[in-house]
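These notes are about the structure you will find just below.
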Amino acid sequence: MISLSVKRRGIKKLNVKKVNYFHRIGVKIKKYASIFWFILPAGFLAFLFGYLPLIFILAAFKSDFNLALNSPLTELFRNNWSFIQFSKIFGENGGQFGLAVVNTLIINVIKILLVFPFSILLAIMLSEVKSTFASKLILIILCLPNFLSWPTVIGIWNNLFKDQNGVINNILMNLGLIKTPIYWFGDNVGGNEGLNLFKFFAILMDAWKGSGWNSIMFYTAIMSIDKSYYEAAELDGASKIQQIKSLTIPSIFPTIALMFIMNITYILSSGFEEINLLANISDPNLKESMKTLDVYLYEVALGAGADMSFATALGIFNSTVSLIFMLCGNKLSKKLLNRGLW
């Protein structure tokens with residue numbers, strides 16, 4: 001009836017699909033012109049510091065990039081285009097690159113398999129605390145390590161596990177469990193030649209520092225669930241475990257999916273500051289074997305004999321792999337959890 005009346009009045013119906021995209025954008029800009037003045041400074045800064053430097057990606061496609069001879073722009077547009085920097089990733093630098101990738105993947109995969117579920121478990125446990133004040137107080141205490149800088153965190157753990165006058169060694173010696181101090185940051189822990197706990201400490205420190213903070217997202221999602229659902233489940237005779245399994249976890253699937261995809265995306269980034277500082281308090285002979293992709297990229301870009309072209313190529317490779325992991329993680333999340341970023 002409405003469409004007939006519209007036709008009778010001679011009013012032409014608007015087909016949204018046929019409306020030009022740029023026309024609609026122009027209408028919105030005209031309508032909200034006063035608001036766009038607030039966006040312009042942020043847009044300018046984003047372009048200046050976010051997009052303009054992207055021109056230096058061209059350095060990755062240069063056979064050599066020598067800033068000591070010419071200005072950056074002269075070097076960028078000099079006629080020496082090549083893919084040699086990308087071939088070096090798996091060629092002459094393949095050994096160090098492979099070691100860095102393996103270390104990074106081992107650390108991050110274990111974090112996803114153990115630390116990520118632990119944050120969810122922590123949030124569920126906090127949500128079960130009856131007193132709201134007590135649960136929030138515990139959450140604040142758990143989040144405090146996140147606000148400590150990595151030098152402070154490394155200093156705390158060094159004081160706990162250092163071989164001379166370390167807290168752990170003193171306790172074990174006083175209990176009579178060991179006779180001589182253990183060099184926990186060495187390459188022969190407990191007298192076992194070749195045994196080092198570098199990856200263990202990297203994962204443990206990250207979990208101690210970030211688990212409480214990461215659980216906030218899950219805790220907030222749990223707190224937003226309608227309490228009447230739990231009351232109905234209790235009336236139906238569901239135990240606490242059944243409520244968590246059938247109600248709590250399915251309700252926070254969107255948050256789990258989002259955080260899972262974010263963790264997958266940064267699987268090639270293990271944190272430069274943590275690993276670099278951990279290497280400084282460890283056995284010097286371990287420094288090369290402790291190298292991760294972030295540390296390797298830093299050494300290539302800013303270390304002795306810096307190679308900006310190769311460092312840029314390595315950064316592009318890292319970003320491309322991260323993008324692939326994000327797409328695969330989103331696909332996997334949609335398949336397993338029926339949730340994704342899009």
Side-chain angles (χ1 to χ4, degrees), residues 103-132 134-150 152-154 156-157 160-161 168 184 197-225 230 239-271 273-275 277-278 292 294 325-326 328-330 332-333 335-341:
N103 284 339
T104 305
L105 285 176
I106 290 174
I107 291 171
N108 285 336
V109 168
I110 294 175
K111 283 180 184 179
I112 291 172
L113 294 177
L114 298 179
V115 181
F116 178 67
F118 178 70
S119 298
I120 300 172
L121 178 63
L122 199 61
I124 293 172
M125 292 169 64
L126 284 170
S127 67
E128 293 300 323
V129 176
K130 298 300 181 183
S131 171
T132 305
S135 64
K136 290 184 178 180
L137 180 63
I138 294 169
L139 185 60
I140 290 171
I141 294 171
L142 291 173
C143 289
L144 286 178
N146 183 70
F147 298 100
L148 299 176
S149 65
W150 273 115
T152 305
V153 172
I154 296 296
I156 292 171
W157 283 79
L160 285 173
F161 286 94
I168 301 299
W184 298 99
L197 302 177
F198 148 61
K199 297 181 184 69
F200 171 77
F201 278 116
I203 295 164
L204 190 62
M205 289 180 189
D206 190 83
W208 178 78
K209 188 176 189 292
S211 291
W213 181 259
N214 293 334
S215 66
I216 290 178
M217 291 280 289
F218 304 114
Y219 178 76
T220 305
I222 293 171
M223 289 294 100
S224 65
I225 301 172
Y230 290 100
S239 64
K240 189 60 68 177
I241 300 296
Q242 289 174 327
Q243 291 177 36
I244 293 171
K245 182 181 177 182
S246 303
L247 180 57
T248 304
I249 294 179
S251 297
I252 63 172
F253 266 170
T255 306
I256 294 175
L258 173 64
M259 298 301 290
F260 173 75
I261 294 168
M262 295 300 293
N263 278 271
I264 287 287
T265 302
Y266 294 103
I267 199 168
L268 287 182
S269 178
S270 57
E273 195 173 6
E274 176 192 5
I275 303 300
L277 290 170
L278 184 57
T292 59
D294 291 324
F325 271 114
M326 183 184 71
C328 293
N330 186 66
L332 185 64
S333 177
K335 188 173 183 179
L336 298 179
L337 304 176
N338 295 321
R339 295 290 189 280
L341 290 177

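We're numbering straight along the sequence, starting at 1.
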Query raised in the report: Say you draw a straight line from OH of Tyr230 to OG of Ser127; how long is it, rounded to the nearest 0.5 Å?
Result: 6.0 Å
Query raised in the report: Which atom pair, heavy atoms only, marks the closest approach of Ser251 to Ile225?
Result: CB-CD1, 3.4 Å
Query raised in the report: When rounded to the nearest 0.5 angstrom, what distance separates OG1 in Thr248 from NZ in Lys240?
Result: 8.0 Å
**Report entry** Gly271 to Ile275 - nearest heavy-atom pair and separation
**Finding:** O-CG1, 3.3 Å
Report task. Verify side chain to side chain contact (heavy atoms under 4.5 Å, CB included) between Phe325 and Thr265, making sure each step is shown before the conclusion. Result -> CA-CA 5 Å; Phe325 271 114; Thr265 302; 5.8 Å; no
Query raised in the report: Yes or no on side chain to side chain contact (heavy atoms under 4.5 Å, CB included) for Leu105 and Leu268, after CA distance, side-chain angles and deciding distance?
Result: CA-CA 6 Å; Leu105 285 176; Leu268 287 182; 3.9 Å; yes
Requested in this report: Output the distance between atom CE (Met125) and atom CD1 (Ile244), rounded to the nearest 0.5 Å.
Outcome: 10.0 Å
Query raised in the report: Do Asp294 and Glu273 come close enough that some side-chain heavy atom pair is under 4.5 Å?
Result: no
Query raised in the report: How long is the span from the CZ atom in Phe260 to the OG1 atom in Thr255, to the nearest 0.5 Å?
Result: 15.0 Å
Query raised in the report: Can you tell me how far CD1 of Ile241 sits from OG of Ser246, rounded to the nearest 0.5 angstrom?
Result: 11.0 Å
**Report entry** side chain to side chain contact (heavy atoms under 4.5 Å, CB included) between Asp206 and Trp150, intermediate numbers included
**Finding:** CA-CA 10 Å; Asp206 190 83; Trp150 273 115; 4.2 Å; yes
Query raised in the report: Does Phe253 reach the side chain of Leu258, with side-chain heavy atoms less than 4.5 Å apart?
Result: no
Query raised in the report: Testing Asn108, Ile203, Leu204, Asn263 for side-chain contact (heavy atoms from CB on, under 4.5 Å) with Val115, which one passes?
Result: Ile203
Query raised in the report: Looking at Leu139 and Gly212, what are the two nearest heavy atoms and their distance?
Result: CD1-O, 3.9 Å
**Report entry** Any side-chain heavy-atom pair of Ile120 and Ile249 under 4.5 Å
**Finding:** no
**Report entry** Chi angles and distances behind the ring pair (Phe, Tyr, Trp, His ring centres under 6.0 Å) call for Phe201, Phe161
**Finding:** CA-CA 10 Å; Phe201 278 116; Phe161 286 94; 5.0 Å; yes
Query - Distance-minimising heavy-atom pair for Ala202 and Leu278 - result: N-CD2, 4.0 Å
Query raised in the report: Ignoring hydrogens and geometry, is there a side-chain-to-backbone donor-acceptor pair from Asn146 to Gly210 under 3.5 Å?
Result: no
Report summary line: Sorted by chain and residue number, the ring-ring contact (aromatic ring centres under 6.0 Å, His included) partners of Phe218 (sequence neighbours excluded) come out as Phe116
Requested in this report: Examine Lys209 relative to Trp157 and say whether NZ or CZ is less than 6.0 Å from the centre of the six-membered ring and inside a 45° cone about the ring axis.
Outcome: no
Report summary line: Distance col, row Ile216:CD1 vs Leu126:CG, nearest 0.5 angstrom, shows 10.0 Å
Requested in this report: Kindly check if the number of other-residue, nucleotide or ligand heavy atoms within 6.0 Å of CE (Met262) is above 12?
Outcome: no
Report task. Would you confirm whether Ser211, through its side chain, and Trp208, through its main-chain N or O, come within 3.5 Å as a donor-acceptor pair? Result -> no
**Report entry** Test item: Thr152 side-chain N/O and Leu148 main-chain N/O as donor-acceptor pair under 3.5 Å
**Finding:** no
Requested in this report: For residues Ala123 and Ser215, report the shortest heavy-atom separation together with the two atoms involved.
Outcome: CB-O, 3.6 Å
Query raised in the report: Within the distance-only criterion (no hydrogens, no angle test), does the side chain of Ser269 pair as donor or acceptor with the backbone N or O of Tyr266 below 3.5 angstrom?
Result: no
Query raised in the report: Is a donor on one side and an acceptor on the other found under 3.5 Å between the side chain of Asn103 and the backbone of Thr292?
Result: no
